Number of protein chains: 2
Amino acid sequence: MLTIGKLGEAAGVKVPTIRYYEQIGLLPEAERSAGNQRLYGRKAMERLAFIRHARDLGFTLEAIRDLLSLSDRPDQSCAAADAIARAQLAEVESRLARLTALKAELERMVVQCAGGKIADCRVIEVLGDHSLCATDHRHPETELAQ
Amino acid sequence: MLTIGKLGEAAGVKVPTIRYYEQIGLLPEAERSAGNQRLYGRKAMERLAFIRHARDLGFTLEAIRDLLSLSDRPDQSCAAADAIARAQLAEVESRLARLTALKAELERMVVQCAGGKIADCRVIEVLGDHSLCATDHRHPETELAQ
DNA sequence: CTTGAAGCTATAGTTGCTAGAGACATTAAG
DNA sequence: CTTAATGTCTCTAGCAACTATAGCTTCAAG
Ligand SMILES: [Zn+2]
Ligand SMILES: [Zn+2]
Ligand SMILES: [Zn+2]
Ligand SMILES: [Zn+2]
């Protein structure tokens, strides 16, 4: 059995984060030692590794909650899990598209500035006027999140 | 003079967001009508458009605060403004790199799943075990933000 | 002149944590 | 065995950048 600190170290998750996951019900309530300290076994460790990995792949905690409850029912079809993954892929693709446009605009800005006074700075000028942009990079309904 | 609603419409910014910007000091306190409603002139409109555009390009409100105070001093060198823009470009590039890796992993996951039971689902399997990943996509110190 | 939209303030909620305060538990050294 | 240094406990508050709600006042159209 691992203490919370050891578990965090093993899984690459900070201690308060583990407690937070328990608090929001993503991890079950941990067993406690005689002195009221949390103790974790292999199952908890695997569950936390799953969460950590899914977070690293950009899934929200809500999506992870769903994936975890799916993974607890091995006999069911995996269609729902696959749908969550495909939605996450679509999300990532849309962010990629947006960031690619942003990168192009930012590059244009910094390249075009000759480096004089603020009054002549292309960066300041472009920020004040989107019509000077080459692409339509504007924030659609897509959230900035992640 | 525009009311807050008209200003928001013109600049593509929601009304509560404008009030929020005023509250945090990003916009100056607006003039008020006899009935205590905010009124905006062309300067406020330009300032809000600048903020909106910079937000669309991914700058943080802190960076925008700095850019705005720089743009209020037209005689000074634009080096500081350019540095902020280059930092933002670097940030975007690092997010792009990470998202590109995520996209590759997510694609691998969804492609490899044959679509049967959860017990055999490649999505669930890979989420539980990063060693099944092709790339090291893990979250460095870089924040997930935006 | 009435009514509905738009404005006002103030507070709380969102996501996914992170940081602190103050108290108890465990471990290692002396 | 005692102390000191960590580690852990709970609880609360804070971060970005808004968004939503409640309960009010003001404005503009018919
Ligand atoms: Zn410049
Ligand atoms: Zn633009
Ligand atoms: Zn599957
Ligand atoms: Zn992985």
Side-chain angles (χ1 to χ4, degrees), chain A residues 1-27 29-40 44 48 50-68 88 91 95 139 141-146, chain B residues 1-27 29-40 44 48 51-68 88 91 95 139-146:
Chain A
M1 296 298 255
L2 299 170
T3 63
I4 196 169
K6 299 296 177 190
L7 176 69
E9 213 174 319
V13 176
K14 287 175 190 154
V15 167
T17 304
I18 299 174
R19 289 196 278 247
Y20 170 70
Y21 288 162
E22 177 181 313
Q23 188 192 310
I24 64 169
L26 206 56
L27 289 176
E29 294 200 3
E31 278 181 65
R32 298 297 181 117
S33 74
N36 197 37
Q37 301 197 348
R38 290 173 180 83
L39 291 178
Y40 298 91
L48 182 56
F50 185 103
I51 296 170
R52 169 76 213 267
H53 195 207
R55 284 299 292 137
D56 282 344
L57 286 163
F59 290 88
T60 65
L61 294 184
E62 249 328 280
I64 294 171
R65 195 188 294 275
D66 293 345
L67 288 167
L68 281 169
Q88 174 62 14
E91 182 68 32
R95 275 177 211 151
H139 201 126
E141 96 288 350
T142 339
E143 271 319 299
L144 284 173
Q146 150 126 213
Chain B
M1 295 298 255
L2 300 171
T3 64
I4 196 169
K6 299 296 176 191
L7 176 69
E9 213 173 319
V13 176
K14 287 175 192 154
V15 167
T17 304
I18 299 174
R19 289 196 278 247
Y20 168 70
Y21 287 162
E22 177 181 314
Q23 187 193 312
I24 64 169
L26 205 56
L27 289 175
E29 294 201 4
E31 278 181 65
R32 298 294 181 119
S33 72
N36 197 37
Q37 301 198 347
R38 290 174 179 83
L39 291 177
Y40 298 91
L48 182 56
I51 295 170
R52 169 77 214 265
H53 196 208
R55 284 298 293 134
D56 282 343
L57 286 163
F59 289 89
T60 65
L61 294 184
E62 250 328 280
I64 294 170
R65 196 187 293 276
D66 294 344
L67 287 166
L68 281 169
Q88 175 61 14
E91 182 67 31
R95 276 177 211 153
H139 201 126
E141 97 288 348
T142 337
E143 268 319 299
L144 283 175
Q146 156 133 201

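A, B, ... follow the sequence lines: proteins, then strands. Residue 1 opens every chain. Not measured: the values here are computed from a predicted model.
- For the pair A/Ile64/A/Tyr21, no side-chain contact is recorded, criterion being any heavy-atom separation below 4.5 Å from C-beta on.
- Side-chain contact between A/Ile51 and A/Leu27: present, with at least one pair of heavy atoms (C-beta onward) separated by less than 4.5 Å.
- When the side-chain nitrogen and oxygen atoms of B/Lys14 are compared with OP1 and OP2 of D/dT19, one or more of them lie within a distance under 4.0 Å.
- Shown here are the salt bridge (Lys or Arg N to Asp or Glu O under 4.0 Å) partners of A/Glu62, two or more places apart in sequence or in another chain: A/Arg65.
- Residues satisfying the salt bridge (Lys or Arg N to Asp or Glu O under 4.0 Å) criterion with B/Arg52, sequence neighbours excluded, are B/Asp56.
- Minimum atom distance to the side chain of B/Gln37 is reached by D/dC27, of the listed D/dC27, C/dA25, D/dA17.
- Closest to the side chain of B/Tyr21, from the set C/dC17, D/dC18, C/dG7, is D/dC18.
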N/O-N/O pairs, protein side and nucleotides 9-11 of chain C side, under 3.5 Å:
unit_1, atom_1, unit_2, atom_2, d
C/dT9, OP1, B/Arg32, NH1, 3.4
C/dT9, OP1, B/Arg32, NH2, 3.1
C/dT9, OP2, B/Arg38, NH1, 3.0
C/dT9, OP2, B/Arg38, NH2, 2.8

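- A sub-4.0 Å separation between OP1 or OP2 of D/dT19 and a side-chain N or O of B/Thr17 is present.
- For the pair A/Ser33 and C/dT26, the criterion of a side-chain N or O lying under 4.0 Å from OP1 or OP2 is met.
- Comparing D/dC9, C/dG16, D/dA17 against the side chain of A/Ile4 picks out D/dC9 as the nearest.
- To the nearest angstrom, P of C/dG7 lies 14 Å from CD of B/Glu22.
- Without hydrogens or angle criteria, A/Gln88 side chain to A/Ala54 main chain gives no donor-acceptor distance under 3.5 Å.
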